[in-house]
Asker: 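Below you will find the structure I want to go over with you.
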Protein chains: 2
Amino acid sequence: MLTLYYAPHTCSLASHIALEDAGAVYELKRIDFSKTEQQEPDYLAINPKARVPAMVTPRGILTETPAMLAFIAQSFPNAHLAPLNDAFAFAEVQAFNSYLCSTLHVAHAHRMRGYRWADDPAAITAMQRKVPESVGASYDLIERHMLKGPWVMGDAYTIADPYLFTIAQWLEADGVDPKRVPRVVDHRSRMLERPAVKKAVAAELQG
Amino acid sequence: MLTLYYAPHTCSLASHIALEDAGAVYELKRIDFSKTEQQEPDYLAINPKARVPAMVTPRGILTETPAMLAFIAQSFPNAHLAPLNDAFAFAEVQAFNSYLCSTLHVAHAHRMRGYRWADDPAAITAMQRKVPESVGASYDLIERHMLKGPWVMGDAYTIADPYLFTIAQWLEADGVDPKRVPRVVDHRSRMLERPAVKKAVAAELQG
């Protein structure tokens with residue numbers, strides 16, 4: 001049994017969808033950010049980073065979306081969520097996911113969580129102002145160079161797809177015109193047609 | 001044959017060390033940031049992100065340190081650079097590397113590359129001011145919760161080790177007192193005793 005700690009509207013949705021894709025038996029536990037439950041001692045004992053996602057497994061606790069996605073793909077090989085027997089193709093999937101976590105998600109985080117990197121309110125406002133540009137530039141790269149289509153890696157659906165879908169939920173709020181990235185938006189629409197995605201999205205909104 | 005595009009004093013050192021650890025046959029190509037070679041069309045054709053590292057392989061080009069490190073470990077299994085047959089243990093390595101790229105390296109980047117996230121010079125100065133705190137907090141977490149010792153994952157040296165070593169090169173310049181993180185500093189010292197690390201460091205300084 002796996003237990004996924006999540007919060008709605010965060011990147012934990014990527015692992016949630018992947019668990020559905022994998023046909024995994026899992027339990028969801030919601031962390032309420034409005035009550036700062038991520039800072040409570042009980043949760044810090046699970047994830048001292050005070051973030052989601054975290055996943056409790058029979059072997060121990062995992063954090064960090066790219067690592068959790070690869071773990072899900074490797075733990076449920078019959079779901080074919082990554083090219084597990086091809087080191088180069090697997091690295092391409094991982095490179096995409098690494099770009100999402102270290103560049104695109106980070107650019108996005110400057111809109112709501114600028115306090116991580118500056119104290120001055122004017123600086124935090126200045127960061128917010130640049131989000132459409134920095135996030136937009138990341139999406140341009142994905143649109144033009146990285147998203148092979150129809151899925152991120154081409155014909156095969158992989159763990160890169162739920163991760164892009166998850167972050168692309170924030171596209172409009174980040175101030176990026178969807179018309180600028182039609183292939184990303186098309187990918188997002190097609191993801192929403194998948195039963196696993198529908199189920200995960202609905203569960204988080206109900207939770 | 002593999003070709004690693006690198007720049008001194010950047011995170012490309014991690015992959016460089018891992019290639020040495022693996023006993024790989026590889027060629028180094030230096031990108032001169034002082035001449036903004038990373039923005040030249042020749043290099044953008046290799047890596048449109050205009051960053052290092054990039055690695056040309058017989059199958060194509062890879063970027064993103066965590067993905068390249070896992071690729072090296074998987075491509076040279078006899079070097080035992082990651083627990084390749086244990087999805088949970090592999091995910092722990094990957095979670096550590098993902099934290100480095102998405103949190104610690106990002107916090108560090110606010111010292112020299114704040115222009116990525118704000119245009120206002122005062123905001124960029126405000127970001128620089130917080131680097132000792134944000135980078136320090138990341139190291140506290142590594143020191144107390146993540147670095148098992150003697151190597152990052154415990155008794156076994158893995159691809160997490162050259163990555164931590166690489167980023168820990170910047171500890172003092174980031175304004176973190178080394179006395180605050182004695183286990184990280186001890187790890188850095190022991191890494192420097194390894195012939196592969198010595199060779200990679202020397203090659204980058206000579207290059």
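Just the heavy atoms: all of them, side chains too, but no hydrogens, waters or symmetry mates, feed the values below. Labels below follow one simple rule: chain letters A, B, ... track the order of the sequence lines, proteins then strands, and each chain is numbered from 1. All figures in this text were calculated on a predicted structure; none of them were measured in a lab.
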Asker: Most heavy-atom pairs under 4.5 angstrom with chain B, which of A:D119, A:I61, A:D120?
Answerer: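 That would be A:D119.
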Asker: Considering only heavy atoms, which portion of A:R59 lies under 4.5 Å from any heavy atom of chain B: side chain, backbone, both, or neither?
Answerer: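 Contact with chain B involves both backbone and side-chain atoms of A:R59.
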Asker: At a 4.5 Å cut-off on heavy atoms, which part of A:E133 comes close to chain B: side chain, backbone, both, or neither?
Answerer: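 Side chain only.
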Asker: Using a heavy-atom cutoff of under 4.5 Å, enumerate the residues of residues 141-172 of chain B that contact chain A, numbered in order, or state 'none'.
Answerer: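 If one takes a 4.5 Å heavy-atom cut-off, the residues of residues 141-172 of chain B near chain A are B:L141, B:H145, B:M146.
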Asker: Can you list everything that forms a ring-ring contact (aromatic ring centres under 6.0 Å, His included) with B:H16? Sequence neighbours excluded, please.
Answerer: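 Applying ring-ring contact (aromatic ring centres under 6.0 Å, His included) to B:H16 gives B:Y26.
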Asker: Do you know which of A:S134, A:P66, A:A122, A:G60 has the most heavy-atom pairs under 4.5 Å to chain B?
Answerer: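 Among the listed options, the one with the most contacts to chain B is A:G60.
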Asker: Considering residues at least two apart in sequence or located in another chain, which fulfil the ring-ring contact (aromatic ring centres under 6.0 Å, His included) criterion with A:Y5?
Answerer: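 Checked A:Y5 against ring-ring contact (aromatic ring centres under 6.0 Å, His included); matches are A:Y43.
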Asker: Can you measure from CE (B:M127) to NE2 (A:H110) and round to the nearest 0.5 angstrom?
Answerer: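 Reported value, rounded in 0.5 Å steps: 5.5 Å.
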Asker: Heavy atom to heavy atom, less than 4.5 Å: which residues from residues 70-109 of chain A reach chain B?
Answerer: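 Against chain B, the residues of residues 70-109 of chain A that fall inside the cut-off (heavy atoms, under 4.5 Å) are A:A70, A:F71, A:Q74, A:S75, A:D86, A:A87, A:F88, A:A89, A:F90, A:A91, A:E92, A:Q94, A:A95, A:S98, A:Y99, A:C101, A:S102, A:T103, A:V106, A:A107.
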